[in-house]
Amino acid sequence: MPLVVRDEIERLVQEAVHRAQEGGLIPPVAPPPSTVERPQRPDHGDYASNIALRLARAVGLPPHEVAKIIASHLPSSPMISSVEVASPGFLNFRLSPSWLASQIDEVLKAGERFGQLGIGQGQKVQVEFVSANPTGPLTVGAGRGLAIGDCLARVLQAAGYEVEKEYYINDAGTQTDTFAATLYARYRQLFGENVDVPPGAYTGEYMWDLAEEIRQEWKDRFLGFSEGPYPPQLQEIGISKMLQRIKADLALTGVHYDSWFSERSLYPDTFERAMAILKEEGYVAQKEGAIWFVSSALGEDKDNVLIRSNGRPTYFASDIAYHYHKFFVRGYDKVIDIWGADHKGHVPRMKAAVSALGIDPERLVIIIHQLVTLKRGGEEVRVSKRAGEVITLREVVEEVGADAARFFFLSRAPHTHMDFDLELAKRQSAENPVYYVQYAHARMAGILMHARGRGLDYADGDVSLLKEEAEMAVARHLLRLPEVVEYVARKLEPHVLPYYALEMATAFHDFYERCRVVSEDVQLSRARLRLVAAAKLVLAQCLHLMGMSAPERM
RNA sequence: GCCCCCGUAGCUCAGUUGGAUAGAGCGCCGGCCUCCGGAGCCGGAGACCGUGGGUUCGAGUCCCACCGGGGGUACCA
């Protein structure tokens with residue numbers, strides 16, 4: 001079974017320190033837990049450890065000395081061909097070419113299991129993402145949350161967690177009221193009535209479309225309603241139609257949710273139970289005619305309203321009930337919420353609420369992704385569901401394709417601000433990194449197909465014939481997949497995947513130029529075909545983790 | 001005002017609990033098609049890492065101040 005190379009080297013280093021300490025050459029101080037990294041420069045080896053530099057002061061020896069001692073105590077390993085001590089005290093490791101080649105067989109043997117890890121130990125994790133209100137179409141911002149959330153879910157699953165993806169439907173609360181009131185106004189306006197839209201109305205074009213659709217299906221059925229600002233049934237219809245559109249948009253990008261959770265379903269039972277716990281724990285107070293969560297008792301700056309003076313619960317109160325349901329009713333070990341930066345202010349009080357419910361707040365991980373600045377030919381476009389211009393996710397996906405959109409959203413670290421220039425995305429679509437990566441996969445498929453056409457069977461190819469540097473470079477990159485999965489699962493930063501895919505593709509394209517795969521030398525051809533097959537497997541896995549397709553031809 | 005995020009090549013972005021000469025894509029300049037897919041490959045130009053201090057063997061990375069951009073600070077979600 002292939003292993004995580006970096007972890008294995010770390011293990012060797014720790015073992016060497018242990019041995020040196022037993023031999024009395026290094027004082028028994030605790031070594032730092034993790035020191036192995038991939039150096040930037042190739043002449044510094046494939047992996048490097050700075051353990052000697054970090055240990056030097058504690059043990060009172062020059063770093064270079066410490067490095068030499070550790071190097072001389074390293075257990076031998078078939079994986080490593082050389083270890084160098086470099087100033088000021090690095091240990092540089094080089095992977096053995098024959099070991100690298102042998103791993104190609106291991107990758108092929110593992111097949112789709114390659115890159116799957118057991119670090120999750122079957123823990124139940126929920127990833128909740130997008131969860132945009134069903135009051136308007138999904139925007140590009142939702143696309144970023146979608147790409148990150150779906151990718152993390154896939155990676156966590158590969159890392160050995162039991163993962164569920166969820167969309168939270170905000171079908172209760174004041175925004176849905178405003179939505180319904182706006183919809184009703186539009187509907188009446190279609191019949192020629194002279195009415196105004198409510199304050200804070202949703203003024204997007206789609207509200208007219210929705211109203212028109214309803215007019216055609218229900219005729220004048222809702223006219224003349226007077227028991228409230230809008231007919232409840234009209235709200236139902238509107239939300240359900242909006243939700244259908246959202247689901248269609250999501251389908252366009254290939255996301256599959258395991259569950260759709262309705263805010264309304266929290267009422268009344270779940271909501272009551274969650275509030276009861278807060279009350280029992282003494283975190284609820286009444287003042288100024290409203291009911292408050294006393295988050296100041298948990299170190300927050302201020303308290304937050306749970307139930308408004310008009311008797312209606314706030315979004316925050318709903319969200320507490322929702323998280324109560326996640327942890328207590330459904331029993332997730334860990335919950336990951338992916339929110340846009342416009343929800344940032346909600347994070348501390350949500351954490352406080354979770355701990356007030358008696359849950360270790362560490363079990364709730366909230367990933368905030370910064371907002372997407374939309375541009376058109378360099379000019380900024382403001383995005384607001386309530387204001388006029390909205391660039392929808394659908395619009396973007398239809399223009400650049402789901403794969404490209406995902407790759408693009410994933411390539412930026414969640415906490416960075418991101419520019420999305422529609423013109424640029426369109427213009428670059430022919431010379432895009434997305435195509436570069438997918439082309440590599442198609443090329444691999446093409447070679448394997450070509451070999452099949454020639455009747456070349458590589459099942460028993462001998463990988464030990466592979467010695468070229470370009471071949472080794474491909475092998476080295478292949479073996480990093482588990483490392484990448486581990487990293488993303490641990491840090492929850494999916495953007496390293498696109499970069500890895502790019503490096504993988506580059507290594508392969510370079511290999512392709514330098515090493516003819518199918519040649520007169522049948523034995524060498526078979527060996528190289530195995531390398532190509534392994535590379536194809538790994539690149540496909542990588543694309544799959546990003547939620548992208550791995551085309552056999554383009 | 002206070003809190004959070006960002007500022008790295010012309011543009012968009014990487015840079016792994018502080019590591020060795022700061023990287024990639026696009027764009028630009030110059031090369032490579034007898035041969036498995038040229039949506040490719042090779043080479044080149046292009047960065048005083050926003051500014052100024054500090055911490056130490058070592059700072060793009062940590063601390064402080066400032067400048068610029070974004071977000072939050074609701075009985076909105």
Side-chain angles (χ1 to χ4, degrees), chain A residues 6 32-41 43-44 48 50 53-54 56-57 62-63 86-90 92 131-133 135 170 173-176 178 200 288-292 301-302 304-310 312-316 318-319 340-348 368-371 373 378 385-386 408 411-421 424 427-428 430-436 438-440 442-443 445-451 453-454 483 487 490-491 493 495-496 498-499 502-503 505-506 509-510 512-514 516-519 525 528-529 532 553-554:
Chain A
R6 187 181 168 284
S34 175
T35 62
V36 173
E37 58 194 19
R38 296 184 347 102
Q40 293 179 16
R41 293 167 54 83
D43 48 302
H44 293 148
N50 63 2
L53 289 158
R54 300 181 58 179
R57 189 175 318 173
S87 64
F90 289 102
N92 293 337
S131 299
N133 290 355
T135 53
N170 293 110
T174 54
Q175 301 260 328
T176 53
T178 307
E288 297 159 28
I291 294 177
W292 297 70
D301 290 345
K302 55 186 90 171
N304 294 277
V305 172
L306 292 169
I307 313 236
R308 300 181 180 95
S309 40
N310 67 7
R312 300 198 56 176
T314 58
Y315 165 82
F316 177 49
S318 270
D319 229 10
D342 51 340
H343 284 62
K344 178 139 212 153
H346 191 50
V347 175
I368 295 291
H369 67 260
Q370 294 299 317
L371 301 180
T373 304
K385 277 187 199 175
R386 298 184 180 189
F408 185 77
S411 310
R412 276 78 175 146
H415 62 271
T416 62
H417 299 272
M418 167 178 175
D419 280 3
F420 194 118
D421 193 316
L424 207 62
R427 186 150 22 96
Q428 285 187 352
E431 286 288 329
N432 223 312
V434 184
Y435 296 90
Y436 180 81
Q438 291 185 320
Y439 177 65
R443 197 175 228 185
I447 294 170
L448 295 179
M449 206 178 307
H450 175 78
R454 290 254 196 131
E483 200 174 298
Y487 181 85
R490 192 163 45 83
K491 299 259 290 186
E493 289 185 354
H495 70 279
V496 306
Y499 284 91
L502 225 37
E503 286 172 29
T506 301
H509 285 311
D510 181 61
Y512 175 87
E513 295 294 328
R514 293 174 193 277
R516 171 136 193 125
V517 178
V518 178
S519 68
S525 297
R528 285 181 172 165
L529 282 166
V532 174
R553 60 180 54 144
M554 293 171 70

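All values below were derived from every heavy atom in this structure, side-chain atoms included, with hydrogens, water molecules and symmetry-related copies excluded. Below, read A as the first sequence line, B as the second, and so on, with proteins coming before strands; counting in each chain starts at 1.
Nearest to the side-chain atoms of A:L502 among the listed nucleotides B:A24, B:G40, B:A14 stands B:A24. Of all nucleotides listed (B:C42, B:A20, B:A39), B:C42 comes nearest to the side chain of A:D510. With B:A14, B:C41, B:C36 as the choices, the nucleotide that has an atom nearest any side-chain atom of A:Y436 turns out to be B:C41. In the set B:A77, B:G19, B:C13, the nucleotide with an atom closest to the side chain of A:D419 is B:C13. The side chain of A:R516 lies closest to B:C35, out of B:A77, B:A39, B:C35.
A:H509 comes within contact range of the sugar-phosphate backbone alone, with a heavy-atom separation under 4.0 Å but no base atom that close. Residue A:A442 is in base contact, counting any heavy-atom pair closer than 4.0 Å across all strands shown. Among the protein residues, A:Y512 comes within range of the nucleic acid bases, having at least one heavy atom under 4.0 Å from a base atom. Across all strands shown, A:H417 has heavy atoms under 4.0 Å from base atoms, whether or not it also approaches the sugar-phosphate. Using a 4.0 Å heavy-atom criterion, one finds that A:A413 contacts the sugar-phosphate atoms exclusively. Within 4.0 Å of A:M418, counting heavy atoms only, lie sugar-phosphate atoms of the nucleic acid but no base atom. Residue A:H495 is in sugar-phosphate contact alone, with no base atom involved, counting any heavy-atom pair closer than 4.0 Å across all strands shown. Within the 4.0 angstrom heavy-atom criterion, base atoms lie near A:Y439.
For the pair A:R516 and A:Y512, the NZ or CZ position fails the cation-pi test of under 6.0 Å to the six-membered ring centre and within 45 degrees of the ring normal.
For B:G38, one of the phosphate oxygens OP1 or OP2 lies less than 4.0 angstrom from a side-chain nitrogen or oxygen of A:R443.
Pairing for B:U73 goes to B:G1, judged as Watson-Crick or G-U wobble with the two contacts each under 3.5 Å. Across all strands shown, B:C26 forms a Watson-Crick or G-U wobble pair, both distances under 3.5 Å, with B:G10. Of all nucleotides present, only B:G31 satisfies the Watson-Crick or G-U wobble test against B:C41, with each distance under 3.5 Å. Pairing for B:G52 is with B:C64, a Watson-Crick or G-U wobble pair whose two hydrogen-bonding atom distances lie under 3.5 Å.
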Considering only nitrogen or oxygen atoms on both sides, find all protein atoms under 3.5 Å from nucleotides 73-75 of chain B and state each distance.
from	atom 1	to	atom 2	distance (Å)
B:U73	O2'	A:K302	NZ	3.0
B:A74	OP2	A:K302	NZ	3.2
B:C75	O2	A:S309	N	2.8
B:C75	O2	A:S309	OG	3.0
B:C75	N3	A:S309	OG	3.0
B:C75	N4	A:E288	O	2.6

Please write out the pairs of protein N or O atoms and N or O atoms of nucleotides 55-59 of chain B separated by less than 3.5 Å, giving the distance to one decimal.
from	atom 1	to	atom 2	distance (Å)
B:C57	OP1	A:R57	NH2	3.4

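A:S309 and A:A290 make their closest contact through N-CB, 4.0 Å (heavy atoms, listed as atom of the first residue, atom of the second, distance).
B:C66 and B:C4 are spaced 13 Å apart, taking the P atom of each and rounding to whole Å. Spacing between B:U12 and B:U51 at atom C1', rounded to whole Å, works out to 24 Å.
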Point to revise | From CA spacing to verdict: ring-ring contact (aromatic ring centres under 6.0 Å, His included), A:F90, A:H44 | key: CA-CA 9 Å; A:F90 289 102; A:H44 293 148; 7.4 Å; no
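Where A:T416 and A:R41 meet RNA chain B, the nucleotide closest to each residue was compared, and A:T416 sits on the side nearer the 5' end.
To the nearest angstrom, C1' of B:C13 lies 14 Å from CD of A:E493. Counting to the nearest Å, the C1' atom of B:G40 and the CG atom of A:N432 are 16 Å from each other. We find that OH of A:Y499 is positioned 8 Å from C1' of B:G25, with the value rounded to whole Å. Rounded to a whole Å, the CG atom of A:D301 is 13 Å from the P atom of B:C2.
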